[in-house]
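See structure below.
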Amino acid sequence: MVQLNTEFAGRTYHSPFMNASGVHCGLHKLLDDLVGAEAATYVTKSATVEKRSGNPDPRYYNSDQNSLNSMGLPNEGVEYYLDYVTKDPHSKNRLFSISPMTFYDLPILAEKINASGFDGLIEINLSCPNVVGKPQIGYDFEQMAAYLKAANELFEPHTYGVKLPPYFDFAHFDTVAEILNRYPIAFVNSINSVGNALMIHEQQTAIFPKHGHGGLGGAFIKPIALSNVHAFHQRLNANIEIIGTGGITNGRDAFEHILCGASMVQLGTVLAQKGTGIFKIIENELKAEMAKYGYESIDDFKGKLQYIQENDAISGASH
Ligand code: RRO
């Protein structure tokens with residue numbers, strides 16, 4: 001009998017599937033939908049101290065199984081999402097995303113969260129690619145270290161984690177892991193959208209802000225997400241868990257993220273394109289994939305990626 005129950009950050013979930021921040025989570029009624037669709041849990045839209053309307057339209061574009069967005073951090077403000085999570089009977093299992101606009105916003109956000117009594121997990125978004133004039137913190141390692149140091153002073157150990165941008169170099173995996181391993185963080189979430197991609201429709205940029213540059217999501221980015229999940233799984237302290245995000249469109253994709261070391265997996269583009277009915281579908285697809293390999297639980301294969309050996313034949317591969 002195949003079971004999808006999973007443990008994450010000392011909590012128990014009936015499956016590893018949840019939304020990715022930004023998708024289907026900006027308003028209370030959208031969060032209600034996620035609960036109704038039996039997602040394992042939800043993460044709220046990254047919140048800033050004040051409400052923001054974000055970038056001008058058109059700012060989101062779907063193309064096949066991919067998406068490009070330059071939303072620009074539109075959100076209702078931290079109080080609005082705190083109001084929701086603190087009334088949620090399962091608040092301990094929820095993830096609350098924050099995106100400090102400046103370093104000085106972090107203590108303000110932390111104070112509001114701590115004062116609210118929220119007992120869930122906090123995701124600090126260090127990787128929004130779409131705020132004009134604001135580089136991604138995750139690509140500035142000195143700043144990133146300063147944010148982590150501050151977060152460690154503001155939040156209880158093992159209650160917070162970070163959402164990272166994709167990295168493309170072993171030196172960067174090493175540096176980031178070294179910074180993260182200094183602190184008692186509960187999790188990392190890899191990856192945010194691949195920043196500042198460009199899509200063209202007919203002869204025009206597909207979106208308006210930043211001359212068409214925006215965060216790429218969906219099937220295209222799965223190999224990048226898998227490399228980041230795998231690289232951090234190899235490098236992070238064993239008690240830092242990983243949320244795998246990026247390019248999951250079906251159960252097989254989720255299987256691959258978990259094989260690389262993810263404890264939870266998030267749905268972004270596919271959720272935006274197919275709606276909340278995707279949770280039940282993808283749960284069944286993952287169960288089928290596990291059954292194919294004889295696995296009965298997530299722990300049977302989590303982080304157990306096998307390495308091909310020199311001169312092994314790959315069935316079906318062209319070479
Ligand atoms: O709101 C956005 O433009 C946005 C954010 Br905060 C993020 O973290 N990732 C993304 O692709 N878009």
Side-chain angles (χ1 to χ4, degrees), residues 18-27 30-31 42-63 65-78 80-81 95-102 105-106 109 122-140 143-144 147 160-167 176 187-199 205-222 224-225 228 243-248 266-273:
M18 60 186 293
N19 67 304
S21 182
V23 181
H24 214 99
C25 62
L27 295 171
L30 298 174
L31 293 163
Y42 59 74
V43 55
T44 50
K45 171 68 187 173
S46 290
T48 49
V49 176
E50 305 291 346
K51 179 183 164 110
R52 284 171 55 87
S53 54
N55 291 338
D57 287 320
R59 60 190 188 180
Y60 184 90
Y61 182 73
N62 277 320
S63 173
Q65 292 183 305
N66 304 293
S67 65
L68 189 71
N69 89 84
S70 184
M71 306 304 288
L73 204 37
N75 76 93
E76 301 297 314
V78 64
Y80 175 88
Y81 302 103
L95 281 79
F96 191 86
S97 175
I98 54 172
S99 193
M101 293 294 291
T102 72
D105 280 355
L106 189 61
L109 291 163
I122 297 139
E123 178 172 290
I124 307 169
N125 186 354
L126 301 179
S127 47
C128 176
N130 298 329
V131 177
V132 177
K134 188 179 176 305
Q136 292 167 82
I137 298 158
Y139 288 140
D140 178 336
Q143 265 212 69
M144 188 169 164
Y147 272 77
Y160 64 97
V162 288
K163 176 90 172 260
L164 298 174
Y167 298 100
V176 172
F187 66 91
V188 305
N189 186 347
S190 283
I191 57 173
N192 208 319
S193 56
V194 174
N196 297 305
L198 190 67
M199 279 187 176
T205 58
I207 57 173
F208 171 75
K210 294 175 73 182
H211 293 131
H213 292 266
L216 182 66
F220 280 157
I221 74 168
K222 186 181 75 171
I224 300 167
N228 277 257
I243 304 176
T245 306
I248 299 175
Q266 296 188 338
L267 307 182
T269 300
V270 72
L271 174 59
Q273 293 182 348

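Fair warning: this is a prediction, and the values are worked out from it, not measured in the lab. Just follow the structure's listing: the first ligand is 1, and inside any ligand the first atom is 1. This chain uses plain numbering: 1 for the first residue, then up along the sequence.
What you find for Phe187 and Asn189 is that their closest heavy atoms are CD1-N, 4.2 Å.
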Ligand-protein N/O pairs under 3.5 Å (ligand 1):
residue: ligand 1; atom: 1 (O); partner: Lys45; partner atom: NZ; Å: 2.8
residue: ligand 1; atom: 1 (O); partner: Leu73; partner atom: N; Å: 2.8
residue: ligand 1; atom: 3 (O); partner: Asn69; partner atom: OD1; Å: 3.4
residue: ligand 1; atom: 3 (O); partner: Met71; partner atom: N; Å: 3.2
residue: ligand 1; atom: 3 (O); partner: Gly72; partner atom: N; Å: 2.8
residue: ligand 1; atom: 3 (O); partner: Asn130; partner atom: ND2; Å: 2.9
residue: ligand 1; atom: 8 (O); partner: Asn125; partner atom: ND2; Å: 2.8
residue: ligand 1; atom: 8 (O); partner: Asn192; partner atom: ND2; Å: 2.8
residue: ligand 1; atom: 9 (N); partner: Asn192; partner atom: OD1; Å: 2.8
residue: ligand 1; atom: 11 (O); partner: Asn69; partner atom: ND2; Å: 2.8
residue: ligand 1; atom: 11 (O); partner: Ser193; partner atom: OG; Å: 2.7
residue: ligand 1; atom: 12 (N); partner: Asn69; partner atom: OD1; Å: 3.0
residue: ligand 1; atom: 12 (N); partner: Asn130; partner atom: ND2; Å: 3.2

Give every donor-acceptor pair under 3.5 Å between a side-chain atom in residues 209-222 and any protein atom, sequence neighbours left out.
residue: Lys210; atom: NZ; partner: Pro129; partner atom: O; Å: 2.8
residue: Lys210; atom: NZ; partner: Asn196; partner atom: OD1; Å: 2.9
residue: His213; atom: ND1; partner: Asn196; partner atom: O; Å: 3.3
residue: Lys222; atom: NZ; partner: Asp253; partner atom: OD1; Å: 2.8
residue: Lys222; atom: NZ; partner: Glu256; partner atom: OE1; Å: 2.9

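At a cut-off of 3.5 Å, with distance as the only test, a side-chain donor of Asn75 or Thr48 sits close to an acceptor on the other residue. Under 3.5 Å, the side chains of Ser21 and Asn19 contain no donor-acceptor pair of N or O atoms.
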| task | Would you sort out whether Ser190 and Asn228 count as a side chain to side chain donor-acceptor pair (under 3.5 Å), showing the intermediate values? | result | CA-CA 6 Å; Ser190 283; Asn228 277 257; 4.9 Å; no

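Residue-environment remark: CD (Gln65) stays at or below the threshold of 12 foreign heavy atoms within 6.0 Å.
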